Protein chains: 4
Amino acid sequence: MQDARDPRTESPPNRSKPRSRRLPREVRERQILDAAVQVFARHGYHEAAMDEISEVAEISKPMIYAYLGSKEELFVACIRREANRLIESISGAVDADLPPDEQLWRGLRAFFEYAQQNRASWTVLHRQASTQGPPFAAELSAWRRRALDLVTTLLSRADGTEEDRQVRHEQMQPFAAALVGAGESMVDWWIEHPEHTADALSMRLMNLVWMGFGDMVQGRRWKPD
Amino acid sequence: MQDARDPRTESPPNRSKPRSRRLPREVRERQILDAAVQVFARHGYHEAAMDEISEVAEISKPMIYAYLGSKEELFVACIRREANRLIESISGAVDADLPPDEQLWRGLRAFFEYAQQNRASWTVLHRQASTQGPPFAAELSAWRRRALDLVTTLLSRADGTEEDRQVRHEQMQPFAAALVGAGESMVDWWIEHPEHTADALSMRLMNLVWMGFGDMVQGRRWKPD
Amino acid sequence: MQDARDPRTESPPNRSKPRSRRLPREVRERQILDAAVQVFARHGYHEAAMDEISEVAEISKPMIYAYLGSKEELFVACIRREANRLIESISGAVDADLPPDEQLWRGLRAFFEYAQQNRASWTVLHRQASTQGPPFAAELSAWRRRALDLVTTLLSRADGTEEDRQVRHEQMQPFAAALVGAGESMVDWWIEHPEHTADALSMRLMNLVWMGFGDMVQGRRWKPD
Amino acid sequence: MQDARDPRTESPPNRSKPRSRRLPREVRERQILDAAVQVFARHGYHEAAMDEISEVAEISKPMIYAYLGSKEELFVACIRREANRLIESISGAVDADLPPDEQLWRGLRAFFEYAQQNRASWTVLHRQASTQGPPFAAELSAWRRRALDLVTTLLSRADGTEEDRQVRHEQMQPFAAALVGAGESMVDWWIEHPEHTADALSMRLMNLVWMGFGDMVQGRRWKPD
DNA sequence: GATGAATGAGGCTTCATTCAT
DNA sequence: TATGAATGAAGCCTCATTCAT
């Protein structure tokens, strides 16, 4: 809980390599967000210090405030960006023309792969964002809704009337929530058992939610085509 | 009528009911833990202020420190107590002599009922404890291990050799993790859709994990005996 | 600076050997003062906690307050008692009929012996009392005056008119101060070089103040008769 | 508690000159150390409040922490700086080519002059540093060793073999300790008798340690060339 | 008389945020 | 524009002191 940054032992006043200046705003913002996600993931919202973010981003604190506002706003910006990336990642992997089980399978795989390759991003979304109380509730709700929608869509057939689909969509929601939660939880477990591959994890979850234990205990398994 | 206060006689600032005093240590500790769980659940570990806990508990801060130690230790005490309560709740509901599906069903129902009746407790365990970094890692590991063990036991048949069971126990772990995560997530969803009953939620999750989507989309459902 | 007394791990509520009661006031006061001197010497005035004093004294805090008043008054009482003991110790060792050097020699020896046998007492007087600012100034002044008087008397011949003696008494004061300081300092040094005896230390100081370096560098030494 | 600030440096009551800002780090550090020495000297380590130091220094507390670390570290920094100043003061006054008595005389005079002009500094070194227990033991040891070395050197002739000098150096230590203590003590006495000059005090101590009482009572005195 | 229980007050420390250059 | 310097506000924790039994 103690970080070893001691201002007294820091670099001498005349810094030899002056921080590069006059970068376009977009680049700066990305630098900042990258650093923020990293630091928020490492320490959690509260323990994360603006000082550390500014160091990691190699941008001075006043610039951070100028570009992205308060710490709270910065965190919201992180959540929003990372949520988009994840959603796009999964959306890009599925294909509306495939049968539901195939879609689900692809979605799951995309999810596990994303979590593996963007651990910090995922940590911020899953662990940090959900624990910081009211200030981020709105942002979180939005992200959850999108995630549920996506999963619900994956789970629903595309046929039937519009009304039919609407109803099914509603009914699917708790299942979708369960699926998302199961995925999150498996990723957590994965972190402590990294010897498994993303494929293996996806397969297990697929079996759980597609076949169910009832089938599994009798030896039936789901397999990709 | 007797209470009609004469506006002319100034009552003491606020304290109508003087804080009861000289309670035995045990009672005080429970008061404190109750308050702490509530406040930690509401704001998260870091945002929770010892001041607020002491106000909610109606006990001065020094007593909190005398009885339960630092904020960190207090949080650990909360986790430990609530974990015990939940585990006992579920353990008490299952019965080793029943078939696996029936056991699972009872366990799930117990879990959802507990979560419904002890929302703060559950929030602390699920949301807060897992996000506060190293200081609580040990306590968390312990609690997770117990939870996984419990679920794994529910999911495993009791027959076969000891070795068999050991192996199955290992293989079950990711499924158990998934199941726990699914449950957690459904509870979250439930909070925003409180019109459902604990029974209904349990049933849905049961269907998901026992029958699987593959069966569900064909209209097959699991039902209790 | 951290003491390991943790109230949570203390003796169970029903203490088997009840603290003995109804002792006469004098005994209690001595217990308290003994404990206080010990604790003050160990930690210094500020770090000394009334809790620890009460534990060491085996007397509850309210009794301490009843008998000796506030922490400040308790400290004053310590100073006063220990100053008396030391002064009496030295006074008892000298004999007005002896020649000055012999008197000085005896006084020094008495002092070093006292310091050796009552380290806590001496520490409180020398180290702690002088550093605690205004609150104890009066008590300290009194003790210093007495110490100076004693030493001045040792150093002055008893002959001459009363006026003569008064004058000499005045002139002696800075020397007396120097002598006391030299003694204090040698005791400090002694603590880290405990292989020396009280006699040896006394002899060295005696040589310093009686013969002076001027003589010593030429090999002249003072010796007791 | 109201600012007992030296009238010469007192700022005008109505802060017309807003706290000067943007000073370079070096200046700030000196300001802080000056204030800290003053406050530590006045109240002692424990009674000294960071709040008061920050007020006296006219710098906000966070800057103190940023530049000099915790209260403990700040105190150590004070000790170190003041010890250096004193040692340099005395070292600068002596001259290895002079005979021992002349050297001692110069050293004493330098010491008394320093003590007169830097009372706070001296108080911190002498009274406070030695009473604050373990945390400062290392720093104190270092400073004491240097002081003893310096005095021992003053007292030792430079002739003889290296081995001789080593032995004498050892034997001199208790005398050096005594001398330092005598000096400290005379300064204390001086504070209450400020009518004497530094020269007079030095002369008295010189007589005591060089001639000894044995000579003095017979009217022999030491005099500078 | 004796004490476990209780607290007001205050100290050290940190951090998000903003000047002034 | 970009940043080192600066601080208000707040949090955790401890301790001398006193009730109420």
Side-chain angles (χ1 to χ4, degrees), chain A residues 2-3 7 10 13 15 18-23 25 28 46-54 59-67 69-72 74, chain B residues 19-25 27-28 46-54 59-67 69-72 74, chain C residues 2-3 7 10 13 15 18-23 25 28 46-54 59-67 69-72 74, chain D residues 18-25 27-28 46-54 58-67 69-72 74:
Chain A
Q2 194 70 318
D3 225 334
E10 250 161 39
R15 86 174 46 241
R19 209 167 270 185
S20 59
R21 307 189 174 209
R22 313 272 151 181
L23 292 183
R25 182 184 182 110
R28 285 273 150 119
H46 247 86
E47 298 283 16
M50 293 300 274
D51 266 328
E52 187 177 354
I53 294 177
S54 112
I59 291 181
S60 72
K61 275 189 294 176
M63 291 308 294
I64 298 184
Y65 282 88
Y67 280 144
S70 69
K71 188 182 184 183
E72 212 169 293
L74 175 58
Chain B
R19 193 170 283 185
S20 59
R21 306 190 173 214
R22 303 301 123 170
L23 295 184
R25 183 190 181 112
V27 179
R28 288 294 194 207
H46 268 289
E47 296 284 19
M50 294 301 275
D51 266 325
E52 186 177 354
I53 295 177
S54 105
I59 290 179
S60 71
K61 272 188 297 175
M63 291 309 294
I64 300 184
Y65 283 91
Y67 284 156
S70 69
K71 189 182 182 183
E72 211 169 294
L74 175 58
Chain C
Q2 195 69 316
D3 224 332
E10 251 162 39
R15 89 176 41 245
R19 208 167 270 184
S20 59
R21 307 188 175 208
R22 313 272 151 177
L23 293 184
R25 181 186 182 110
R28 286 273 150 118
H46 247 86
E47 298 281 18
M50 294 299 274
D51 266 328
E52 186 177 355
I53 295 178
S54 112
I59 291 180
S60 73
K61 276 189 294 177
M63 293 305 295
I64 298 184
Y65 281 89
Y67 280 146
S70 69
K71 187 182 184 184
E72 213 170 291
L74 176 58
Chain D
R19 192 172 284 188
S20 59
R21 306 188 173 216
R22 305 299 123 170
L23 294 185
R25 183 191 181 114
V27 179
R28 287 296 195 206
H46 267 290
E47 297 284 18
M50 294 300 274
D51 266 327
E52 187 178 353
I53 295 177
S54 106
E58 300 197 347
I59 290 179
S60 70
K61 273 187 296 175
M63 290 309 293
I64 301 184
Y65 282 89
Y67 283 156
S70 69
K71 188 181 184 184
E72 211 169 294
L74 176 58

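Given the structure is predicted, the values throughout are model-derived calculations rather than measurements. When reading the values below, keep in mind they use all heavy atoms of this one structure, side chains included, and skip hydrogens, waters and symmetry mates.
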> What is the distance, rounded to the nearest whole Å, between atom CD1 of Ile64(B) and atom P of dT7(E)?
Replying inline: 10 Å
>> I need the minimum non-hydrogen distance between Glu58(D) and Arg28(D), along with the two atoms involved.
In response: O-NH1, 4.4 Å
> Which atoms form the tightest heavy-atom contact between His46(B) and Glu47(A), and what is the distance?
Replying inline: NE2-OE2, 2.8 Å
> Between dA2(E) atom P and Ile59(C) atom CD1, what is the distance in whole Å?
Replying inline: 9 Å
Which protein N or O atoms sit under 3.5 Å from an N or O of nucleotides 9-13 of chain F?
| from | atom 1 | to | atom 2 | distance (Å) |
| --- | --- | --- | --- | --- |
| dC12(F) | OP1 | Ala48(B) | O | 3.3 |
| dC12(F) | OP1 | Lys71(B) | NZ | 2.8 |
| dC12(F) | OP2 | Met50(B) | N | 3.0 |
| dC13(F) | OP2 | Tyr65(B) | OH | 2.9 |
| dC13(F) | OP2 | Lys71(B) | N | 2.9 |
| dC13(F) | N4 | Lys61(B) | NZ | 2.6 |

> Which residues pass the side chain to side chain contact (heavy atoms under 4.5 Å, CB included) test with Met63(B), sequence neighbours left out?
Replying inline: Ile59(B), Ser60(B), Tyr67(B)
> Can you give the dot-bracket line for DNA chain F, using ( ) for pairs inside the strand, [ ] for pairs that cross earlier ones, | for pairs with another strand and . for unpaired bases, where Watson-Crick and G-U count if both distances are under 3.5 Å?
Replying inline: .||||||||||||||||||||
>> Output the rounded distance in Å from CD (Glu52(D)) to C1' (dG11(E)).
In response: 13 Å
> From Met50(D) CE over to Lys61(D) NZ, what is the distance, rounded to the nearest 0.5 angstrom?
Replying inline: 8.0 Å
>> Both Met63(D) and Met63(A) contact DNA chain F. Which one's nearest nucleotide lies toward the 5' end?
In response: Met63(A)
>> Can you see if the side chain of Arg28(B) gets near the phosphate of dA6(E) - specifically, an N or O under 4.0 Å from OP1 or OP2?
In response: yes
> Within this structure, what is the CD1-to-P distance between Ile53(A) and dT17(E), rounded to whole angstrom?
Replying inline: 11 Å
